[in-house]
Amino acid sequence: MTLLSVNLNAVAQLRNRRDLPWPSVVGIARVVLDAGASGITIHPRPDERHIRRTDVFELADMLRAEYPEAEFNIEGYPSPDFIALIQQVNPQQVTLVPDSPEQATSDHGWDFHGKGNYLTSMVQQIKAPGRRVSLFCDPEAGIDGVTAAKATGADRIELYTGPYGGCYADPDKAEYELAALSETARAAHAAGMGVNAGHDLTLDNLPAFQAAVHGVDEVSIGHGLTADALLMGFGPAVKAYCAVLDD
Ligand SMILES: CC(=O)[C@@H](O)[C@H](O)COP(=O)(O)O
Ligand SMILES: NCC(=O)COP(=O)(O)O
């Protein structure tokens with residue numbers, strides 16, 4: 001079964017519009033976990049445009065105290081500050097992304113060949129008992145890219161589903177993207193790696209992704225789910241995504 005991890009970046013971005021503590025990131029985390037999400041994902045970027053350092057610690061404390069079975073997934077570029085934060089917070093999963101500080105969003109996976117030695121060093125610094133490492137992975141990485149990703153010592157890849165999400169309405173382009181995602185997922189499973197997926201997944205495009213890409217351990221969804229939650233509420237939105245994943 002594919003688990004749902006809800007990304008709270010968009011909630012934090014809305015909160016940051018004013019010098020006010022609502023909407024509460026921790027409060028929405030409770031709602032989505034009570035509704036059936038298996039975990040929480042955040043991406044504390046250096047400019048704190050949405051998730052702030054304080055959010056990271058408040059979420060970690062709440063999850064440890066109230067939802068010990070929930071998984072905390074922290075995404076980010078493995079800068080010294082990020083690695084120090086991970087050591088302090090000790091999440092169950094760290095997803096490394098090759099984002100530069102000024103990037104508008106995550107829009108590509110790692111160059112596993114060109115950054116292989118660097119990533120191996122980062123994985124060694126981050127991986128710990130009870131803490132897995134996932135690497136953001138382009139859809140077309142294929143067996144060649146996955147072989148290099150496996151060599152870093154990482155536990156999982158996270159399939160970057162942005163290109164698929166962006167062309168979902170075009171059947172031919174969507175078919176191409178799904179074929180690439182499926183091939184890379186198969187290669188990861190063959191290499192003994194786990195497979196996560198995320199970026200621009202929605203209630204509309206998730207069913208076709210589920211049907212084409214098998215054995216996905218976890219999807220992390222934030223932007224689309226938050227858009228749905230503005231219409232239906234976070235609890236019903238999480239239940240709707242879980243229903244698709246359970247189908
Ligand atoms: C890695 C990824 O695709 C997303 O989880 C990322 O967190 C999106 O970042 P923004 O929410 O800052 O666009
Ligand atoms: N890793 C993907 C994620 O956490 C959420 O991405 P999005 O749903 O906000 O595009």
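One-based numbering, in listed order, for ligands and for the atoms of each. In this chain, numbering begins with 1 at the start of the sequence shown.
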Report all N/O contacts between ligand 2 and the protein shorter than 3.5 Å as a table of atom names and distances to 0.1 Å; if there are none, say 'none'.
{"from": "ligand 2", "atom 1": "1 (N)", "to": "Glu75", "atom 2": "OE2", "distance (Å)": "2.7"}
{"from": "ligand 2", "atom 1": "1 (N)", "to": "Glu158", "atom 2": "OE2", "distance (Å)": "2.5"}
{"from": "ligand 2", "atom 1": "1 (N)", "to": "Ser220", "atom 2": "OG", "distance (Å)": "2.9"}
{"from": "ligand 2", "atom 1": "4 (O)", "to": "Asn7", "atom 2": "ND2", "distance (Å)": "2.8"}
{"from": "ligand 2", "atom 1": "4 (O)", "to": "Glu75", "atom 2": "OE2", "distance (Å)": "3.3"}
{"from": "ligand 2", "atom 1": "4 (O)", "to": "Ser220", "atom 2": "OG", "distance (Å)": "3.3"}
{"from": "ligand 2", "atom 1": "8 (O)", "to": "Gly222", "atom 2": "N", "distance (Å)": "2.7"}
{"from": "ligand 2", "atom 1": "8 (O)", "to": "His223", "atom 2": "N", "distance (Å)": "3.3"}
{"from": "ligand 2", "atom 1": "9 (O)", "to": "His223", "atom 2": "N", "distance (Å)": "2.8"}
{"from": "ligand 2", "atom 1": "10 (O)", "to": "Asp200", "atom 2": "N", "distance (Å)": "2.8"}

Does the Glu218 side chain pair with the main chain of Gly198, one donor and one acceptor, at a distance under 3.5 Å?
no
Taking only heavy atoms of Asn7, which atoms of ligand 1 are found under 4.0 Å from at least one of them?
5 (O), 7 (O)
Does a salt bridge link Asp47 with Arg49, judged by any charged N lying under 4.0 Å from a carboxylate O?
yes
Which residue and heavy atom of the protein sit nearest atom 3 (O) of ligand 1, plus the separation:
His199 ND1, 2.6 Å
Salt bridge check: are Glu71 and Arg132 linked by an N-O gap of less than 4.0 Å?
yes
Is Phe136 touching ligand 1 with its side chain, its backbone, both, or neither, if touching means heavy atoms under 4.0 Å apart?
side chain
Atom 9 (O) of ligand 1 [closest protein heavy-atom partner, distance rounded to 0.1 Å]
Arg45 NH2, 3.0 Å
Verify the distance criterion only: is there a donor paired with an acceptor across the side chains of Thr147 and Asp144 at less than 3.5 Å?
no
Nearest heavy atom to atom 6 (C) of ligand 1: which of Glu75, His50, His108 does it belong to?
Glu75
May I ask you to check whether Thr152 and Thr120 show a side-chain donor-acceptor distance below 3.5 Å?
no
Are the charged groups of Arg30 and Glu66 less than 4.0 angstrom apart, N to O?
yes
Look at the side chain of Glu75 and the backbone N and O of Val94, then say whether any donor-acceptor pair between them is shorter than 3.5 Å.
no
Heavy-atom distances under 4.0 Å decide this one: backbone, side chain, both or neither, for Thr41 against ligand 1?
neither
Derivation of the side chain to side chain contact (heavy atoms under 4.5 Å, CB included) call for Phe57 and Gln88
CA-CA 9 Å; Phe57 291 101; Gln88 283 180 274; 3.8 Å; yes
Numbered in order shown, the ligand 1 atoms found under 4.0 Å of a heavy atom of Asn9 are 7 (O), 9 (O), 10 (P), 11 (O), 12 (O)
Identify, for atom 13 (O) of ligand 1, the protein heavy atom at the shortest distance, and state residue, atom and that distance.
Thr105 OG1, 2.5 Å
Give me the residue, atom name and distance of the protein heavy atom closest to atom 1 (C) of ligand 1.
Ser106 OG, 3.3 Å
Applying side chain to side chain contact (heavy atoms under 4.5 Å, CB included), run through Asp55 and Arg15 and close with a yes or a no.
CA-CA 11 Å; Asp55 293 319; Arg15 188 249 350 249; 2.7 Å; yes
Could you tell me whether a side-chain N or O of Tyr164 sits under 3.5 Å from a main-chain N or O of Leu201, the two making a donor and an acceptor?
no
